[in-house]
Student: 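Sharing a structure here in structure tokens format.
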Amino acid sequence: MSEIPVYPPSPEFVQRAHVKGMAAYRDLYERAKQDPPAFWADIARKELTWFKDFNQALEWEAPFAKWFTGGKINASYNCLDRHLATPRKNKAAIVFEGEPGDRRFITYQELHRLVCRFATVLKNRGLKTGDRAIIYMPMIPELPVALLACARLGIIHSVVFGGFSAEALKARIEDLGATVVITADGGWRRGKEVRLKDAVDESLKEAPQVRDVIVFKRTGSSLEMKAGRDHWWHDLDAELSKDPQTEAAAERCPAEPLDSEHPLYVLYTSGTTGRPKGVLHTTAGYVLQTMMTMKWVFDLQEDDVYWCTADIGWVTGHSYIVYGPLAAGATCVMYEGAPDYPAFDRFWRIIEKYRVSIFYTSPTAIRAMIRQGDQLPNSHDISSLRLLGSVGEPINPAAWDWYHRVIGKGRLPIVDTWWQTETGAIMISPMPGATPLKPGSGTLPLPGIIADIVDSKGEPVGENREGYLIIRQPWPSMVRNIWGDPERFKQQYWSRVPGCYFTGDAARQDEDGYFWVLGRVDDVMNVSGHRLSTMEIESALVHHPSVAEAAVVGKPHEITGQAVCAFITLKRGDWNHADLGKELRQWVAKEIGAFARPEEIRFTDALPKTRSGKIMRRLLREIVTTNAVTGDVTTLEDLSVVAKLSSQHDED
Ligand code: WTA
């Protein structure tokens, strides 16, 4: 441990920071720890704008939490309207750059106008509080507009990442019981159009409950509009302008006063079964904690230009492009396309162009940049940067060093933020004006977060502080339920250690109390910072007529962290392995999305199993980790011997 370098914050950073120095952090942490609900109640009253004050900070009937009960609030109001009475009204809320190079600067006032108009459009379609909307859009400003318009009316939204296939989209539309789909003709990615509306059409072949599809025109390519069901966004919007009174009313569309616990959104994420689970977040607690972490973790100041490179299809985009930054009144850069288009310096160009001061990205993106050499960032003026962030997976020391040295010029703090779709907001992270950094560690839990490490029986660990990462007390932005499946919610997160939240991650705590997240302990993989379930890919594969059995494991990968590797046994037949390998990869792209495509497919005569018939993934993981077969992705292996040997003594 002694060789790990430690980087304390610079005196200049500390001076300007919201939380100055370790003593200030410790104070805040200890105060919160004594009575977390009281701590959160205090800041909820100070930081959020309420239509009606709440009576109780927390009602906790484990594992079901209700925060700020009795209160009335609206997320869209907190992100928009309340800024309009301040000088922020003319500040840029969104600085948008499309992949082709088009730009838009949208002030808070203008964003409010766009959101009100679109909320009126939704109202005019008969949508109301409690209805569900699926949003399947490219990274353009109309995506946050759609989210905030839904939130304004209490319509529960679920964003589906544009990389998901029609099949995956359909499963989500059905599970949510959505009656409207908001989409676009397409978006731009590496100079090509990603055709979203086509996938929507495909997914809606059998979905009678979807009455409306609203289509934003982004690429202008030709497509079919189904009469009665499909409407152009601009046509519905134009109807609002038919007379000045209608228009004025549309642009004032009031935000509904909603219960603190009104469902804000459902975001589907991969779990340990073949079926994705809908993580449910509610209103007040979620907005509070995403907003507070903008101050604590990103040290957001009024003049910052903040850029999070995530896609709004994932939780990072929900919390740190939309709700957190807008509630905090930030100027957010939003970029539509790929980091390597037209060249690998796109990120540095954007930072230079808009004078970005806070930059939040993933270790995968950093590793991809390292490969391109220092010359690209060095040829741009990125001196506006003052803080760097990382999220999605543990950041390896080499990537940390490069980020710190080449992008941070050896002086910028890096906040390594640990959290999950389920936690809603950042949980473990440095406070950049306080916490000394250690490369690769998320450092310490934020105020109000009681994190701990336990062994496989849920007991506290001893001297060697390594085991499962848990959270001992409820927190405001926590997952409230799995949509339509409370049993799975209980079982998945709350059954290991009664009353405590089980993260599914392993971690170690060092002598300074710093947390080092080691990775998942369940069947969830992390590929390019995207969560993928082994079971979900397996169940896609066994749908293919040639496949008898499939076992999927994550294999270490230099750039993406992990890569998908599938072991397959085939049904009887005369198969050409090379062709079939290609076909199966394509098949997964169709069933889930191209980003889930196995990098490697290995055919085998048998899969190693325990006597009770469980596939021994641990063994397969060992095989892919130790024997670095690359290139030939369709090797046939005889695992039956290993299986026979191992099943004698492995019932794990
Ligand atoms: C992993 C993304 C180490 C972790 C916000 C977690 C991390 C999963 C970090 C959640 C980090 C995320 N250090 N591991 N800074 N950030 N993870 O739901 O395994 O897409 O459980 O949320 O990513 O992924 P999710």
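The figures that follow rest on heavy atoms only: side chains count, while hydrogens, waters and symmetry mates do not. Atoms within each ligand, like the ligands themselves, are counted from 1 in listed order.
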Student: In terms of atom number and element, which parts of ligand 1 are under 4.0 angstrom from non-hydrogen atoms of Val315?
Tutor: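 Heavy-atom distances to Val315 below 4.0 Å select 5 (C), 22 (O).
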Student: Just to confirm my output: which protein heavy-atom neighbour is closest to atom 20 (O) of ligand 1, and how far is it?
Tutor: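 Residue, atom and distance for the closest contact: Arg531 CD, 3.6 Å.
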Student: Could you tell me whether Thr316 approaches ligand 1 through its side chain, its backbone, both or neither, with non-hydrogen atoms closer than 4.0 Å?
Tutor: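 It is the side chain that gets close, since no backbone atom is under 4.0 Å.
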Student: Identify the closest protein heavy atom to atom 3 (C) of ligand 1: which residue and atom is it, and at what distance?
Tutor: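 Atom 3 (C) of ligand 1 sits closest to the protein heavy atom Pro394 N, 3.1 Å.
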Student: What I want to know is whether Thr503 and ligand 1 share at least one N or O pair that is separated by under 3.5 angstrom.
Tutor: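 Among all N and O atoms of Thr503, none is under 3.5 Å from an N or O of ligand 1.
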Student: Picking from Trp314, Tyr286, Trp419, what satisfies side chain to side chain donor-acceptor pair (under 3.5 Å) with Ser319?
Tutor: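 Only match with Ser319 under side chain to side chain donor-acceptor pair (under 3.5 Å): Tyr286.
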Student: Among Glu393, His530, Met427, which one has a heavy atom closest to atom 13 (N) of ligand 1?
Tutor: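 Among Glu393, His530, Met427, the closest heavy atom to atom 13 (N) of ligand 1 belongs to Glu393.
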Student: Assess Asp505 for proximity to ligand 1: is some non-hydrogen atom of it under 4.0 Å away?
Tutor: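 Asp505: in contact with ligand 1 (<4.0 Å).
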Student: Under a 4.0 Å heavy-atom limit, does Ile395 contact ligand 1 with its side chain, its backbone, both, or neither?
Tutor: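 Ile395 to ligand 1: no contact under 4.0 Å from either part.
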Student: Compute the shortest N/O to N/O distance between Gly392 and ligand 1 and return yes if it is under 3.5 Å, no if not.
Tutor: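 Min N/O separation from ligand 1 is below 3.5 Å for Gly392.
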Student: Considering only protein heavy atoms, which is closest to atom 8 (C) of ligand 1, and at what distance to one decimal place?
Tutor: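 For this ligand atom, the closest protein heavy atom is Arg520 NH1, 4.1 Å.
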Student: Taking only heavy atoms of Thr421 into account, list the atoms of ligand 1 that are under 4.0 Å away from them.
Tutor: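 Under 4.0 Å from Thr421, ligand 1 has these atoms: 18 (O), 20 (O), 22 (O), 25 (P).
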Student: Look at atom 10 (C) of ligand 1 and say which protein heavy atom is nearest, naming residue and atom and giving the distance to 0.1 Å.
Tutor: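 Its nearest protein heavy-atom neighbour is Trp419 O, 3.6 Å.
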Student: So, is Ser390 polar-close to ligand 1, with some N/O to N/O distance under 3.5 Å?
Tutor: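 No: no nitrogen or oxygen of Ser390 is under 3.5 Å from one in ligand 1.
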Student: Holding to side chain to side chain contact (heavy atoms under 4.5 Å, CB included), I want the full list of residues that pass it with Leu388, two or more places apart in sequence or in another chain.
Tutor: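 With sequence neighbours excluded, Leu388 shows a side chain to side chain contact (heavy atoms under 4.5 Å, CB included) to Phe359, Leu385, Tyr403, Ile407, Leu412, Ile414, given in chain and number order.
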Student: Answer with yes or no whether the side chains of Thr443 and Thr435 bring together a donor and an acceptor at under 3.5 Å.
Tutor: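 Looking only at side-chain atoms, Thr443 and Thr435 do not form any donor-acceptor pair under 3.5 Å.
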Student: Identify, by atom number and element, the atoms of ligand 1 in contact range of Val517, meaning under 4.0 Å from any of its heavy atoms.
Tutor: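 Selected atoms, number and element: 3 (C), 14 (N).
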Student: Near Thr417, which atoms of ligand 1 are under 4.0 Å from a heavy atom of that residue?
Tutor: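 What qualifies from ligand 1 is 9 (C), 11 (C), 15 (N), 16 (N).
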Student: For the residue pair Tyr335 and Trp307, does the interplanar ring angle fall in the parallel (under 30°), tilted (30 to 60°) or perpendicular (over 60°) class?
Tutor: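 Because their plane-to-plane angle is over 60°, the rings of Tyr335 and Trp307 count as perpendicular.
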Student: Phe489 and Phe64: ring pair (Phe, Tyr, Trp, His ring centres under 6.0 Å), yes or no, with the steps?
Tutor: CA-CA 10 Å; Phe489 174 68; Phe64 298 102; 5.5 Å; yes
Student: Please confirm whether Glu422 comes within less than 3.5 Å of ligand 1 when only nitrogen or oxygen atoms on both sides are compared.
Tutor: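 No, Glu422 has no N/O under 3.5 Å of an N/O on ligand 1.
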Student: So, Tyr323 versus Asn78: side-chain donor-acceptor pair below 3.5 Å or not?
Tutor: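 Absent: no donor and acceptor within the cut-off.
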Student: Among the heavy atoms of Trp314, does any lie under 4.0 Å from an atom of ligand 1?
Tutor: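 The answer is no: ligand 1 sits nowhere under 4.0 Å from a heavy atom of Trp314.
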Student: CD/Gln492 to CD1/Ile482 distance, rounded to the nearest 0.5 angstrom?
Tutor: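 Rounded to the nearest 0.5 Å, the CD-CD1 separation comes out at 5.5 Å.
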Student: Could you see which bit of Asn526 sits under 4.0 Å from ligand 1, with heavy atoms only: side chain, backbone, both or neither?
Tutor: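 Side chain only.
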Student: Tell me whether the NZ or CZ atom of Arg496 lies within the 45° cone about the ring axis of Tyr468 and under 6.0 Å from its centre.
Tutor: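 Flagged: Arg496 positioned over aromatic ring of Tyr468.
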Student: Please lay out, stage by stage, how Trp60 and Trp475 fare under the test ring pair (Phe, Tyr, Trp, His ring centres under 6.0 Å).
Tutor: CA-CA 11 Å; Trp60 177 228; Trp475 63 99; 8.9 Å; no
Student: Does a donor on one side chain and an acceptor on the other come within less than 3.5 Å for Gln420 and Tyr501?
Tutor: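 Yes, Tyr501 and Gln420 have a side-chain donor paired with an acceptor closer than 3.5 Å.
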Student: Just verifying a value: how many Å separate Ser477 OG and Leu264 CG, rounded to the nearest 0.5 Å?
Tutor: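 Answer for the OG-CG pair, Ser477 versus Leu264, is 11.5 Å.
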